[in-house]
Visitor: 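Please see the structure below; I have some questions.
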Amino acid sequence: MSQWPSINSVLAITQNLEWPRNVPNVPLPDHLASRAANLVQEAGAFTRRIALEVADKTKEVGVPGHFYDSADEKLRDVRKLLDSKFEREVLDGLRLLLALICKGKDVAEYFPDVVRNVASTSFEVRKLVYIYLIRYAEQEPDLALLSINTFQKDLSDMNPVIRAMSLRVLSSIRVAVIVPIVMFALKKATTDMSPYVRKTAANAIPKVDSLDPTQRPHLLELIETMLNDNSSAVLGSVIASFNALCPDRLDMIHKHYRKLCRTLADADEWGQVEVLAILLRYARAQFLDPKANETTTSTTTAQQPNSFYDDDTTTSSVSLDPDHLLLLDSLQPLLNSRNPMVVLSVARLLFHAAPSSHLRAAVAPLVRLIRSGAREERYVVLMNVYTILESGGEAVRKAWAPHVLCFFVFAGEPGFVVDLKLELLALVASEDNFTVVLNEMKNYVRSADEKLVVRTVRAVGRLCGRFPVLVDEALDVLMGLLGTKNDSVIAESIVVIRRLVQQLCVQPGPASTSQTTPDASRTTAVRIIVQLSNSLDTITSPSARAAILWLLGQYASYVPRTAPDALRRVARTFTTESDAVKLATLSMGSKLAVERVSKIQDDHTDDEHARTRSVLLLLAYVVEMARFDLNYDVRDRARMLKALVLDVLVRRVEGTPAHPKHDSNSPIAASAPTSANGDEKDAVLPLLSQHLASIFLAPRSVPIDPSPYSGRQEYTLSSLSHLLNRVSGPSYQPLPDWPTEKPDSSVRQVEEKESWNRERVVAAPEREIRKTKKTKTRMVTLDEFYKDVSTASSTTPAVPEEQPPPPTPPRPAAAAATVASPSTLPPSPSRNGALLAGWGSLSAAVADAASVEYEEVDDDEDMVDDDDDEDGEDDDDMDMDDVDEDDEDDD
């Protein structure tokens, strides 16, 4: 076979051709025309060969790609394929439908065509038909009923897969009429020999319950029967049905509790999740709280931070029930499961029903899930870790401290994972690594991602709340962010700076820091407040401006000249400010006025009075503007402050003896209340007005910024309600409370049948082995046989004359061919009598000789090898020479 030229050679030859130019209607030379025709033919053949190779390569794919083609012509051929009499075409049609189902297409219109093949003799066709029917049996119950006889027949099929699929289809038909049929099929399937069929029956129980709730008592009986199943593959589905129908019927679990603990490691992955869920509820209801009075001591084998696989030796003084310890011991193998939900279920059980010291065992598996899982899995795992760290205390946080690196943010991670990781960084940091955490956060604030910077600033504030020693360093980092052009970053930075300054003023710092005196902390606070006041005109964020005004009002004594100037600047733009800034301005003016009035009582100079009067005039102006604001909150705040602060302070200022004279025409005096006859009120001030300084200028505690992920301890770990921080629906069941008194443990005492174990070895009964030699049967010739017969006939008594001779049986064909007829023998009375007397035994003996070759050996005697014979010869081999001589004699 000649090889085709490559495409490169064809192109090269085509480019080298010299075509005549600018010559109209000039015919090509013969040799060029023939060569061009050959090239065209070779190019066409080459193109066809490439197309065939591409088609062949496509067919070699494991799942043919043409099955996923949803073109109209493909769908038009489906009905023809399903109605075909050839099995291969029917399989192609079913595979195309299943491929379209995987793509999310609705192919319910082909339901009648698929149902026709439910009685096919091909196992592959029936399996695909059942997969399709399971998907659409609920949508087309009437059409599915047409084949219900076939489904019932398949319940007795030889193949367990067909039996299981027929049961799945029957339970998926949402028609109440067939409930008795389904119940009969379930009762039959619960005693099936195949564990796969029994598992399918267990999974069908919730479907029947949702279809007909009146069958629940009978279904509970089936569940109680199937709990006795010893197959670990079935128990997971049975427990799943138990959780769906009767999760509070823990009395049914008593006698199966220990079996569930022992077979937990052998169940399938999702069966383990169901079993762990019911064991958690059982432990909460049947055991005492192990965290009630525990004292735990932990020792580490090395002084250095533990590596990922280091083990901690943890001892707990809590005395646990033996069955409780059995449950905790059975959880250890599941921590190495590849299924993330199994690991989370184990961590959930350890968190809710185990001493705090046992949570150390779940640290490394959870870190593995954080590092290797998908982003959705990582989010769920991180959410559970946050709850564990928040509720576990310092002991649990120390166990997680060596793994702080797994909470660092990596490029490409989604925002919800980044936010949760930053919250965990602030929560898991310890005294040994908080510097590492803060340095990592410094790198994050330099990022170009605006959302990452905002989240990091918020995390820095929480980190400094746990470690006040970091406040000074954090303030320097956050003040550097005020020069950015991003309003959201500036706003969040100022809000956090406000909390840090407040923390710095309330808690000057621990003795280990360089700033150990209140004066040093006050100097830092003054510097920060002045810088914020200078940037007030350039900051536009309402929350940031409100935070700055709060600092200026609360710590007005720290900046006596800066605060009044800031109030003056804000008063000019009061009408254009946001509602939050207006409220903050009213509060700031009131605090500043109270501070000024309380100060002039000690310093009666004219300068102080002038400054105080300026502050009161600014407050009166702001209050007057706020009285006519559109927001009712601003109006109410203005009226309250006028009656409580402004009027009282005006009386105090105007009635001060150090004041040179009283000007009744001043705006301050005009704002003071008067009596009916025009005189100032000299009544006793209200009780609140006597303590204005204590009310407005009292030290404020540092506000705690609650994390959006906190407060989820009331929900079960790894549940949807825990993830959403609210009850997800009626299916959520909270965990039962711990009992106050120890329940009776004898309910779990069950007589267990003796089973095989490695320590119990049963020896076989001793038997005497005797060396026996096999007995062989020698081939007997016909002459020797007749000789034996004649000898036996001589000893046979004569037959009486009055008795007729015995009936002669039919002669065998083999005997007729080899034995001579009696009529051909010489006449001899004795010979004839012997033959007549022994003819019956002759026929029976010939038949026995033809069917039996060896003598049977007694069953009680053991067979030994022929190599152990005394003569050392192989007695199994027949003497072929003797056989040949016997054959010659027979001839």
Side-chain angles (χ1 to χ4, degrees), residues 58-148 150-151 154-155 157 159-175 178 182 185 196-197 199-208 210-211 237 240 244 268-270 339 341 374 376:
T58 305
K59 293 180 180 179
E60 292 176 1
V61 180
V63 179
H66 62 278
F67 286 143
Y68 293 94
D69 188 6
S70 58
D72 295 338
E73 58 271 10
K74 288 284 186 181
L75 294 178
R76 285 196 296 267
D77 296 339
V78 171
R79 299 186 187 276
K80 185 183 300 183
L81 293 174
L82 294 176
D83 295 338
S84 176
K85 62 180 180 180
F86 299 105
E87 177 184 344
R88 181 176 296 277
E89 294 182 355
V90 176
L91 285 174
D92 290 343
L94 292 173
R95 288 169 181 166
L96 179 59
L97 290 180
L98 296 181
L100 294 176
I101 292 175
C102 295
K103 292 178 62 177
K105 303 292 183 180
D106 186 12
V107 291
E109 57 179 320
Y110 301 99
F111 195 91
D113 303 284
V114 176
V115 171
R116 296 194 192 100
N117 298 286
V118 72
S120 175
T121 57
S122 173
F123 170 73
E124 295 293 334
V125 172
R126 293 166 67 187
K127 183 172 65 174
L128 297 182
V129 168
Y130 275 121
I131 294 175
Y132 179 90
L133 294 179
I134 291 171
R135 173 65 177 80
Y136 289 104
E138 295 186 8
Q139 300 182 12
E140 301 289 343
D142 297 334
L143 294 177
L145 285 176
L146 299 177
S147 303
I148 193 171
T150 305
F151 302 152
D154 288 342
L155 291 173
D157 194 88
N159 195 327
V161 177
I162 297 298
R163 296 200 302 270
M165 286 190 170
S166 61
L167 181 60
R168 289 181 63 184
V169 173
L170 272 177
S171 60
S172 300
I173 301 176
R174 313 301 294 172
V175 178
I178 66 169
V182 179
Y196 181 68
V197 179
K199 180 179 180 178
T200 305
N203 291 329
I205 290 177
K207 298 180 183 179
V208 179
S210 62
L211 182 61
S237 300
D268 59 284
E269 295 176 348
W270 294 107
N339 192 328
M341 192 58 201
E376 291 81 7

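Values below: all heavy atoms of this structure, side chains included; hydrogens, waters and symmetry mates excluded.
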Visitor: With rounding to the nearest 0.5 Å, note down the distance linking CD in E87 to OG1 in T121.
Guide: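 With rounding to 0.5 Å, CD (E87) is 7.0 Å from OG1 (T121).
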Visitor: Once rounded to the nearest 0.5 Å, what's the spacing between atom CG of L170 and atom CG of L145?
Guide: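 Spacing of CG (L170) from CG (L145) equals 9.5 Å.
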Visitor: Could you pull out the closest heavy-atom pair between G93 and L82, with the gap in Å?
Guide: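 The answer is C-CD2, 4.0 Å.
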Visitor: Considering non-hydrogen atoms only, spot the tightest contact between Y196 and V161 and give its length.
Guide: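 For Y196 versus V161, the nearest heavy atoms are CE2-CA, 4.2 Å.
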Visitor: Where is the tightest heavy-atom contact between S166 and L155, given as atom of each residue plus distance?
Guide: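 Heavy atoms of S166 and L155 come nearest at OG-CD2, 3.3 Å.
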Visitor: Does the side-chain contact (heavy atoms from CB on, under 4.5 Å) test come out yes or no for M341 and W270, once each step is laid out?
Guide: CA-CA 8 Å; M341 192 58 201; W270 294 107; 3.7 Å; yes
Visitor: Where do L167 and A185 come nearest, in terms of heavy atoms and distance?
Guide: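 Closest approach of L167 to A185: CD1-CB, 3.8 Å.
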Visitor: Kindly compute the distance separating OG1 (T200) from CZ (R168), expressed to the nearest 0.5 Å.
Guide: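 Answer rounded to 0.5 Å: 6.5 Å.
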Visitor: Would you mind telling me which of L97, I101, V115 makes a side-chain contact (heavy atoms from CB on, under 4.5 Å) with Y136?
Guide: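 Among L97, I101, V115, the one meeting side-chain contact (heavy atoms from CB on, under 4.5 Å) with Y136 is I101.
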Visitor: Working to the nearest 0.5 Å, report the span between CG of L211 and NZ of K207.
Guide: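 If I round to the nearest 0.5 Å, the distance is 11.5 Å.
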Visitor: Is R88 atom CZ crowded by more than 12 heavy atoms from other residues, nucleotides or ligands, each under 6.0 Å away?
Guide: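 At most 12 heavy atoms, drawn from other residues, nucleotides or ligands, come within 6.0 Å of this atom.
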Visitor: Applying salt bridge (Lys or Arg N to Asp or Glu O under 4.0 Å), can you list everything that pairs with D83, at least two apart in sequence or on another chain?
Guide: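 If we apply the salt bridge (Lys or Arg N to Asp or Glu O under 4.0 Å) test to D83, skipping adjacent residues, the hits are R116.
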Visitor: Take R135 and S172 through the test side-chain contact (heavy atoms from CB on, under 4.5 Å) and record every step on the way to the result.
Guide: CA-CA 9 Å; R135 173 65 177 80; S172 300; over 6 Å; no
Visitor: Under 3.5 Å, side-chain donor or acceptor atoms of residues 124-131 against the rest of the protein: list the pairs with distances, not counting sequence neighbours.
Guide:
from, atom 1, to, atom 2, distance (Å)
R126, NH2, D154, OD1, 2.8
R126, NH2, D157, OD1, 3.2
Y130, OH, D154, OD2, 2.2

Visitor: Would you compute the distance between atom CG of D268 and atom OG of S237 and round it to the nearest 0.5 angstrom?
Guide: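 So the CG of D268 and the OG of S237 are separated by 6.5 Å.
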Visitor: To the nearest 0.5 Å, how far apart are CG in N117 and CG in L133?
Guide: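 One finds 10.0 Å between CG of N117 and CG of L133.
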Visitor: For N159, enumerate each residue passing the side chain to side chain donor-acceptor pair (under 3.5 Å) test, keeping only those at least two apart in sequence or located in another chain.
Guide: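 Residues passing side chain to side chain donor-acceptor pair (under 3.5 Å) with N159: none at all.
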